[in-house]
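The structure displayed is predicted, hence computed values, not measured ones.
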Amino acid sequence: MKWNELTQPEHLVALDEVSKNEKVFIFKHSTRCSISTAALNRIERKWSESDTSLVKPYFLDLLAFRKISNEIADRYNIEHESPQLLVIENGKCTFVDAHFDISYDALMQNISA
């Protein structure tokens, strides 16, 4: 799976611009959390490169880039959780799941709605 990594605050501005033309999702990952690793694996195991035509994937290492994680919570008016998956459309968060609720199937159901 080819992730678009969020490593600079200005990447969120670019992500919002992309979300005006296509759906995107952000996976906020904690490298110290086994739940986060399990959720990440559930997404990556089922992901097909053709899925990129439906939704563009973004990845945030929230331990390395906590400031960006905080900005995501503020920008999209959501409570910070870890791990967390957000779907962004037209610069707005339209779907959010966290912890063991994160799944490939829930993501795909949401973007197909």
For Leu15 and Ile26, run side-chain contact (heavy atoms from CB on, under 4.5 Å): C-alpha distance rounded to whole Å, both residues' side-chain angles, the deciding distance at 0.1 Å, then the answer.
CA-CA 9 Å; Leu15 180 148; Ile26 301 170; 3.7 Å; yes

Would Phe95 and Leu86 satisfy side-chain contact (heavy atoms from CB on, under 4.5 Å), going step by step from the backbone distance to the final call?
CA-CA 6 Å; Phe95 175 79; Leu86 300 84; over 6 Å; no

Applying side-chain contact (heavy atoms from CB on, under 4.5 Å), run through Lys23 and Lys56 and close with a yes or a no.
CA-CA 6 Å; Lys23 294 179 183 182; Lys56 190 170 184 177; over 6 Å; no

Please evaluate residues Leu85 and Lys28 with respect to the criterion side-chain contact (heavy atoms from CB on, under 4.5 Å), reporting the C-alpha separation (whole Å), side-chain torsions for both, the decisive distance (0.1 Å), and the verdict.
CA-CA 6 Å; Leu85 184 145; Lys28 291 172 46 182; over 6 Å; no

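Remark: side-chain polar atoms of Ser69 are not paired, donor with acceptor, to backbone N or O of Phe65 under 3.5 angstrom. Of the possible donor and acceptor atoms, none in the side chain of Asn90 sits under 3.5 Å from a partner among the backbone N and O of Lys92. Using a distance-only test at 3.5 Å, with no hydrogens or angles considered, no donor-acceptor pair links the side chain of Ser36 to the main chain of Cys33. Judged by distance alone, with hydrogens and angles left aside, the side-chain atoms of His29 form no donor-acceptor pair with the main-chain N or O of Pro83 at under 3.5 Å. Not a single donor-acceptor pair under 3.5 Å links the side chain of Asn21 to the backbone N or O of Val18. The closest donor-acceptor contact from the side chain of Ser112 to the backbone of Gln109 lies at 3.5 Å or more, if one exists at all.
Contact record, Ser82 with Leu62: OG-CD2, 3.6 Å, taken as the closest heavy-atom pair. Minimum heavy-atom separation, Tyr104 to Asp51: OH-OD2, 2.8 Å. Summarising the geometry of Asp97 relative to Ala106, their closest heavy-atom pair is OD2-CB, 3.9 Å, with the distance given to 0.1 Å.
Between the OG1 atom in Thr52 and the CG atom in Asn4 there is a gap of 8.5 Å [rounded to 0.5 Å]. Atom CG of residue Asp61 and atom OG1 of residue Thr31 lie 5.0 Å apart, to the nearest 0.5 angstrom. The CD atom of Gln8 sits 10.5 Å away from atom NZ of Lys67, with the distance rounded to the nearest 0.5 Å. Atoms NZ and CD, from Lys2 and Glu49 in turn, are 9.0 Å apart once rounded to the nearest 0.5 Å.
Follow the hydrophobic side-chain contacts under 4.5 Å out from Leu54 and you reach Trp47 in the same cluster. Follow the hydrophobic side-chain contacts under 4.5 Å out from Ile68 and you reach Tyr58 in the same cluster.
You'll find the side chain of Arg32 reaches within 4.5 Å of the side chain of Leu63, heavy atoms only. Residues Pro57 and Met1 form a side-chain contact, since some pair of their non-hydrogen atoms from C-beta on lies under 4.5 Å apart. Side-chain contact between Val96 and Gln84 is present, with heavy atoms from C-beta onward closer than 4.5 Å. When side chains are defined from C-beta on, Val24 does not count as touching Val87, because their heavy atoms never get closer than 4.5 Å. Looking at heavy atoms from C-beta onward, Leu40 lies in side-chain contact with Phe27 at the 4.5 angstrom threshold. Looking only at side-chain heavy atoms (C-beta outward), Arg42 and Ile102 come within less than 4.5 Å of each other.
The aromatic ring centres of Phe25 and Trp3 sit less than 6.0 Å apart.
Apart from Phe100 itself, the hydrophobic cluster it occupies contains Ile35, where clustering links Ile, Leu, Val, Met, Phe, Trp and Tyr at side-chain heavy-atom distances under 4.5 Å.
For the side-chain contact (heavy atoms from CB on, under 4.5 Å) criterion with Met108, the lone passing option out of Ile111, Asn110, Asp105 is Ile111.
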Anything under 3.5 Å between a donor and an acceptor, one on a side chain of residues 72-79, the other on a protein residue two or more places apart or in another chain? List them.
residue	atom	partner	partner atom	Å
Arg75	NH1	Asp16	OD2	2.6
Arg75	NH2	Glu71	OE2	3.0
Tyr76	OH	Asp16	OD1	2.5

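No side-chain N or O of Glu89 forms a donor-acceptor pair with one of Ser19 less than 3.5 Å apart.
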